[in-house]
Amino acid sequence: MDLTEDLSARVLLRNILSSETPRTPITRSAAKELSASETRRSSRLSRRDAGAQTPQDILRRSLKHNMRESITRKSLPTTTRRTASAGPRKMHTPAPTSMLFDEGDTPRHMLRNILLTEPVRSPVVHEIAASEEPQLPSADSSMTSKRPSIELSGLDLPDLTFGNAASVAKGLSRKRPHRSLNVTAFEKRLKGTSDVGEESEASICDHSSLSLTSSTSLGLKTPFVDMRSERRGLQRRLANRRQITEEEFGAGVNKWHMGGDHDQPQDPNMTTYSEGFNLGLSIVSEPDISTDIVNCNTALYTEPNSMTSSLSIVATQDKGETRDMDPTEGGGTAEPQSEEGVSEDQSEKDVGTAEEVEMKSSSEVKHSEEEENRGEAQTEEEGATDSQTEGNAASRSHSEEEEVAPDSQIEEEEDVVDSQPEEDVAAMSEEEEEEVAPESQTEEEDVVDSQPEEDVAAMSEEEEVAPESQTEEEEGAVDSQSEEVVEAGSQSEAAGDEEEYQGDQEEPAANSQSEEVKSVVEDEQEEGEEGEQASDLLEHISRRAQRSQGGLIMLVAGAGGDLPHATEEGWSEGKAHAAIEPSESSQPLSEMPDVAESSTQGENDDSQSDTEYEADKENPPLPLELTNDIVDDDHLSVAESEEEVAALDPAEQEEEWEDDDVEENEDFRCEAPAFVKEKRTFFPLDRQASTSVLKNIQTSSTSGTSEALPAAKPKQVPRKQRAPAKKNTTLPKSYLMSAFRHFAKAKVSADVYPVLDEVMDKFFERLADDLETYAGHAKRKTIEVEDVVLLLKRQGHVNDKVPVEVLIEKYLRMEQRKLLIPIATSGNVVIPKKQI
Amino acid sequence: MLNKAPKLKSTIKMKAKGNVNVRPASEAMIELITLLFLSNLAEEAKANAFEEKSATIRAHHVKAVSKMLKKARG
């Protein structure tokens, strides 16, 4: 009171020191002792009584506190005793209050109380009790007043002193004392008033204290609350997710079902296409040259003659004639092509030569080439023929004219009478020089009875006019053809689409070439068969997927009529017819159908299957359809048939492959589908082809037979040829690449394989050389382990630090290790056995 | 390493000018030598590829390394 009134810092400090010191040690010790045992109680009690008994506790504490203060004040020394006594008194009294009270004296106690009674309002009580203290002694009150303020900041023990000082300093200003007074006033009220009042006051105080400590308490509590909220939030999120997933799942499932249906039907087509495509591509390289050669020979004027002559020749199988044909026909382009084709596939040569001979009769190299191609295709592979025809087409069309050429050729062939169409055809054929031309020509010849002479004349005429008309007609035709071809190619894969394509082909072809072709077509119509074939070819091209070869072939045969030859001739003829008809459609396609057609005409199934696995596949479907559409397809078919016929030659299948490569550049679109078709038909045709091929081969050409048999399957032919050829000393790719990858421990691109091969080759060379030398030095003829060890040492793999055994154990498999490192087993047995 | 090196013996015999025989034991040793060589080569190639800041080993990396072979010489 006096002390409180005294504002001097010194006085305050003295008071504090005087009042506190005696207490704190005592209170602390006492409190600690008490609290030690009572903390638990206090905590429990405080928690339990948090709400209810706090006012009571507050009252009690305040009372006790007052008692204490009074006692302490009276005498310092006595205070100690009294405090001590008070302590025990307090001990007797409800633990929580005393303890709290004691703890509240110092910041430590305050903090402890706060912590213990955190959820409870004990800290509040704390403060009240603390606040009560200063009431009695001025210093105490000031101190207590400070305490609440300190309590807030009293969490830090050292701050107490500062706090005190600050409070003392602040106490200079009267605000603090005011506060303290307020508190003290409350306390007084608490003291004086009844329990209710005290309680109310206490509650008020509590509120005040709460407000003071609310921050801390709240702060403590908030995290807890937050956790709950957070959990709730998470839970909610999860629930939302579930719902969405379910719904989405359903939607996704539906979509998946929908998508699956769409995908499924496409898959087989796609797969087959891809397969066929790959296969086709692989084989494409070979026939390119042959196709070029074949294309060269496909002179317009020679076509009709060659067609007929080829047919006859095929039957006769005059190889000499074909050979002669080549030089004579040597239409420049034709010869090189034929030569190339022949050179490329020797196996095909025979057939080709036979065809050439036929061509001679037709008096046109082109025809011969085509025939050759046909023959070869037959012997080798039907598919090859298609490719060849395609290749031929490709080779022909150094520009876009190829497509037009076959058409023109076919047209020309058909119109022996009409020089113009022939010219066109010749022009086309010349440029394209595809097998189709000769084929178509041959067909035409047969149908039209165009004699070789006439054909030659026509050819010559056509040739002359060809360049002129070619440009004109070809351009138009090419465009249409190209379009058609593209269409065909794109649609070839889809069976259904093919039909449409055919229609498209026919239409555009007809339209584009209507002017030129129509005339030709009309003329060709005479040859109706061819036209049918052409149309059939067109259809066939589109329907390659459908392999109704037999039926189609029959139709073709019927349509062709010209090719009674069961053997290659008929087969080649059929090609010619077929080629003629579907001129516009992709050349390879035409080749295929041509072959199919011719084969049907001839031995039909056999011939076709033999020579045109792939081509036939396309052909059979085409002929059937083509026959239906004669008019429109005539010109188209002619071109196509020409192409096809030429390309279909089984013997020339390989050539076709090669030619295809050449043609690929230009008629890539056509070729692709052709290949695909070929490939597709290949598989199913194999069964038929195998037997028929054998027959045909034998009958057709002796030379081709041997090849035909293996040629039955395109794979076999190249394999057999290569097998005896060289001895490959390279390690298998799989092993090499896997080992390299393992050691590299990084991504390895596949293009390192050839380089690796080279490196390993050199390595093995040197290795063998060294080992031989070492063994020879030891006068041995066997390379021993010690030789290799010596080599390892010299190379530096084995040195003092790294013995051989280490390397062995590191890199070799167990069985190898057993060989090298003796293992001792029980019974004095050593593995491997050491032979003295 | 887990796979057997196919046709190793035949390739060595082919390369050998004279008439030599190869024991199975020595065949194993030859396999060891080839593996060691491959590992060195791969390591060098990898380093070479890393120098060019490429995570993939390409053909030209391997080629460049093969020119610098030291251990391959007897």
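Small disclaimer: the values here were computed from a predicted structure and weren't measured. Labels below follow one simple rule: chain letters A, B, ... track the order of the sequence lines, proteins then strands, and each chain is numbered from 1.
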Do you know which of A:Ala744, A:Ala750, A:Ala775 has the most heavy-atom pairs with chain B at a distance under 4.5 angstrom?
A:Ala744
Most contacts with chain B, counted as non-hydrogen pairs under 4.5 angstrom, among A:Val788, A:Val789, A:Leu736
A:Val788
Contacting region of [X] [heavy-atom separation from chain B under 4.5 Å]:
X	result
A:Thr773	neither
A:Asp787	neither
A:Asp751	both

Tell me if a side-chain donor or acceptor on A:Ser749 pairs with a main-chain N or O of B:Ile57 at a distance below 3.5 Å.
yes
With heavy-atom distances below 4.5 Å as the criterion, would you say the side chains of [X] and [Y] are in contact?
X	Y	value
B:Leu36	A:Gln795	no
A:Val759	B:Val65	no
A:Val748	B:Thr56	no
B:Ile30	A:Leu771	yes
A:Phe763	B:Leu41	no
A:His797	B:Leu32	no

To the nearest 0.5 Å, what is the distance between [atom1] on [X] and [atom2] on [Y]?
X	Y	atom1	atom2	answer
B:Leu35	A:Phe743	CG	CZ	4.5 Å
B:Ser39	A:Phe740	OG	CZ	10.5 Å
A:Glu758	B:Lys63	CD	NZ	6.0 Å
A:Met760	B:Phe37	CE	CZ	6.0 Å
B:Ile33	A:Leu791	CD1	CG	3.5 Å

As a quick check of understanding, evaluate side chain to side chain contact (heavy atoms under 4.5 Å, CB included) for B:Met29 and A:Leu792, giving each step before the final call.
CA-CA 9 Å; B:Met29 292 298 288; A:Leu792 278 170; 3.9 Å; yes
Please state whether the side chain, the backbone, both or neither of [X] comes within less than 4.5 Å of a heavy atom of chain A.
X	value
B:Ala25	both
B:Ser54	neither
B:Lys46	side chain

Contact leader toward chain A among B:Ala55, B:Ser26, B:Ala45, B:Ala49, where contacts are heavy-atom pairs under 4.5 Å:
B:Ser26
Is it the case that more than 12 heavy atoms not belonging to A:Lys762 sit under 6.0 Å from its NZ atom?
no
Quick check: closest heavy atoms across B:Arg58 and A:Val752, and the distance to 0.1 Å?
C-CG1, 3.3 Å
